Number of protein chains: 2
Amino acid sequence: MEARRDVFQAIADPTRRAIIDMIAQQPVNVNTIAEQFDVSRQAISLHLKILSECGLLNIKQLGRERLCEAKLEKLNEVHEWVGQYHKLWTGRLNALKKFIEQEELESNKKKAKNINKSKK
Amino acid sequence: MEARRDVFQAIADPTRRAIIDMIAQQPVNVNTIAEQFDVSRQAISLHLKILSECGLLNIKQLGRERLCEAKLEKLNEVHEWVGQYHKLWTGRLNALKKFIEQEELESNKKKAKNINKSKK
DNA sequence: ATATTATGCAACCATTTGCTTGCAAATATA
DNA sequence: TATATTTGCAAGCAAATGGTTGCATAATAT
């Protein structure tokens, strides 16, 4: 059950991203989070556990409640991995690259057809 | 079999991130990619299919080979989601936020009941 | 003291994931 | 033409994922 547990894996799930969106500004307790979703409290609890295990979440016990606080700095790992490519897809370097690609595509047009059909 | 297929899901797998790292600079054909990994060619082929289905990869048929080219601009979705929080975890804004949170926590400790009622 | 609330844990289940091996088809090379 | 290369597809499988329900425990409210 406990296999890969990293930030990339954690934010892959849309529910977990929604949880982060929800608590990014201020800490929220478990039940309040769970009420916002259609799934059971236990399902949310598991998501919180995963977020917590990979360091995206800090849980503070306050009496019988648990306050969930986002530790956004953990997103830095993702930010950096994506960021290293940011300049490659923006700016005129990219425009040039796209131009070249288009040229290549034109010459392969017949065979490229097969590829398109496999797309959603 | 084909369930969620988005960029976040795609880059959650370390092998797929490694593939992107590998082809970010220039297109590479399937077998050449597969040779770099310990898993079978078919396993890599599936990863490529997933990357392709979510738009991170462009496949160009060249004779019997398939050139895999990264479409990095698809990473923009991730870049933006993470980016919206970037300012929250960097700089003195973050220091201030943390300070405020700490203050709030202190006062909440005494009147934890108010939190219960704040739920919808 | 008893009831209510907030939450975790365990068992169970269906689906998805990531991998394997075997086979077929298309293209290139001898 | 015969052979080798590049690749996709299909079947099968173990493990992970995401969900459920039921029960236990601790803290608070009545």
Side-chain angles (χ1 to χ4, degrees), chain A residues 1-6 8-19 27-54 57-68 108 110-119, chain B residues 1-6 8-19 27-54 57-68 108-120:
Chain A
M1 203 193 196
E2 321 300 313
R4 235 184 303 125
R5 195 115 303 179
D6 58 84
F8 286 92
Q9 186 68 27
I11 67 170
D13 185 276
T15 303
R16 287 197 287 268
R17 287 201 300 281
I19 290 174
V28 182
N29 73 311
V30 176
N31 271 4
T32 307
I33 295 172
E35 282 160 13
Q36 300 293 123
F37 297 90
D38 283 341
V39 298
S40 69
R41 180 180 57 76
Q42 286 79 354
I44 296 298
S45 190
L46 179 61
H47 284 308
L48 293 175
K49 193 181 168 200
I50 290 171
L51 288 171
S52 161
E53 279 173 357
C54 77
L57 199 71
N58 217 314
I59 302 182
K60 293 177 185 172
Q61 189 88 35
L62 279 187
R64 65 184 164 185
E65 295 188 12
R66 292 196 161 194
L67 265 196
C68 300
N108 289 319
K110 301 163 196 168
K111 296 167 180 176
K113 257 186 186 174
N114 300 332
I115 296 147
N116 290 338
K117 78 158 191 185
S118 70
K119 286 186 153 191
Chain B
M1 203 194 197
E2 322 299 312
R4 235 182 305 126
R5 196 115 303 177
D6 58 83
F8 286 92
Q9 189 68 28
I11 67 169
D13 186 275
T15 302
R16 288 196 288 270
R17 286 200 301 282
I19 289 174
V28 182
N29 75 312
V30 176
N31 271 3
T32 307
I33 295 172
E35 282 161 12
Q36 300 291 122
F37 296 90
D38 283 341
V39 297
S40 71
R41 178 179 59 74
Q42 286 79 353
I44 296 298
S45 190
L46 179 62
H47 284 308
L48 293 174
K49 193 181 171 202
I50 290 171
L51 287 171
S52 162
E53 279 173 358
C54 77
L57 199 69
N58 218 312
I59 301 182
K60 294 176 183 172
Q61 190 87 34
L62 281 188
R64 67 184 161 181
E65 296 187 11
R66 292 194 160 195
L67 265 197
C68 301
N108 281 341
K109 252 168 194 166
K110 295 162 186 169
K111 45 169 188 173
K113 67 165 108 173
N114 289 339
I115 295 156
N116 302 341
K117 314 210 162 172
S118 75
K119 66 177 188 178
K120 276 208 292 196

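All figures in this text were calculated on a predicted structure; none of them were measured in a lab. Each chain gets a letter, A, B and so on, in the order the sequences are listed, and its residues count up from 1.
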Q: Quickly work out the A:K60 NZ to C:dT7 P distance and round it to whole Å.
A: 15 Å
Q. Think B:R5 has a side-chain N or O under 4.0 angstrom from the OP1 or OP2 of C:dT17?
A. yes
(Q) Just the rounded figure in Å: distance from C1' of D:dC9 to CG of B:L48. (A) 15 Å
Q: Answer yes or no: does a side-chain N or O of B:R66 lie under 4.0 Å from OP1 or OP2 of D:dG8?
A: yes
Q | Below 4.0 Å: OP1/OP2 of C:dT7 and any side-chain N or O of A:N29 | A | yes
Q: Please report the shortest heavy-atom distance between A:C68 and A:L57, naming the atom on each side.
A: CB-CD1, 4.1 Å
(Q) Using a 3.5 Å distance criterion without hydrogens, assess whether the side chain of A:E35 forms a donor-acceptor pair with backbone atoms of A:F37. (A) no
Q: Please confirm whether the backbone N or O of A:A10 pairs with a side-chain atom of A:R16, one donor and one acceptor, at under 3.5 Å?
A: yes
Q. Does A:R41 have a side-chain nitrogen or oxygen under 4.0 Å from the phosphate oxygens OP1 or OP2 of D:dT21?
A. no
Q | Nearest-neighbour nucleotide for the B:A43 side chain, C:dT7, D:dG8, C:dC19 considered | A | C:dC19
Q: Ignoring backbone atoms, establish whether A:N31 has a side-chain N or O less than 4.0 Å from OP1 or OP2 of C:dT5.
A: no
Q: Check every atom of D:dT17, C:dC19, C:dT17 against the side chain of B:H47 and return the nucleotide holding the closest atom.
A: C:dC19
Q) When the distance from CG of B:D13 to P of C:dT16 is rounded to whole Å, what number comes out? A) 17 Å
Q: Please determine if a side-chain N or O atom of B:S45 lies less than 4.0 Å away from the OP1 or OP2 oxygen of D:dT7.
A: no
Q. Rounding to a whole Å, what distance do you find between B:K49:NZ and C:dT17:C1'?
A. 13 Å
**Q.** Partners meeting side chain to side chain donor-acceptor pair (under 3.5 Å) with B:T32 (sequence neighbours left out)
**A.** B:N29
Q) Can you tell me if A:Q61 uses its side chain to pair, donor with acceptor, with the backbone of A:G63 under 3.5 Å? A) yes
Q | Under 3.5 Å donor-acceptor pair, B:Q42 side-chain atoms to C:dG18 base atoms | A | no
Q: Counting heavy atoms from C-beta on, name the nucleotide in D:dG19, C:dG18, D:dT7 closest to the side chain of A:T15.
A: D:dG19
Q | Value in whole Å for how far the P atom of C:dG8 lies from CG of A:L51 | A | 13 Å
Q. Using a cut-off of 4.0 Å on non-hydrogen atoms, how would the nucleic acid contact of A:S40 be classed: base, sugar-phosphate, or nothing?
A. base
Q) Within this structure, what is the CD-to-P distance between A:E53 and D:dG18, rounded to whole angstrom? A) 13 Å
Q: Taking side-chain contact (heavy atoms from CB on, under 4.5 Å) as the test, write out the residues that go with B:A43, two or more places apart.
A: B:V39, B:S40
**Q.** Residue B:L46, side-chain atoms from C-beta onward, closest of C:dC19, C:dT17, D:dG18
**A.** C:dC19
Q: Check the distance between C:dT20's C1' and B:D38's CG and give it to me in whole angstrom.
A: 14 Å
**Q.** Whole angstrom value for the distance that separates P of C:dT17 from CD1 of B:I44
**A.** 17 Å
Q. Any idea which of D:dA29, D:dT20, D:dG18 is nearest the A:R64 side chain?
A. D:dA29
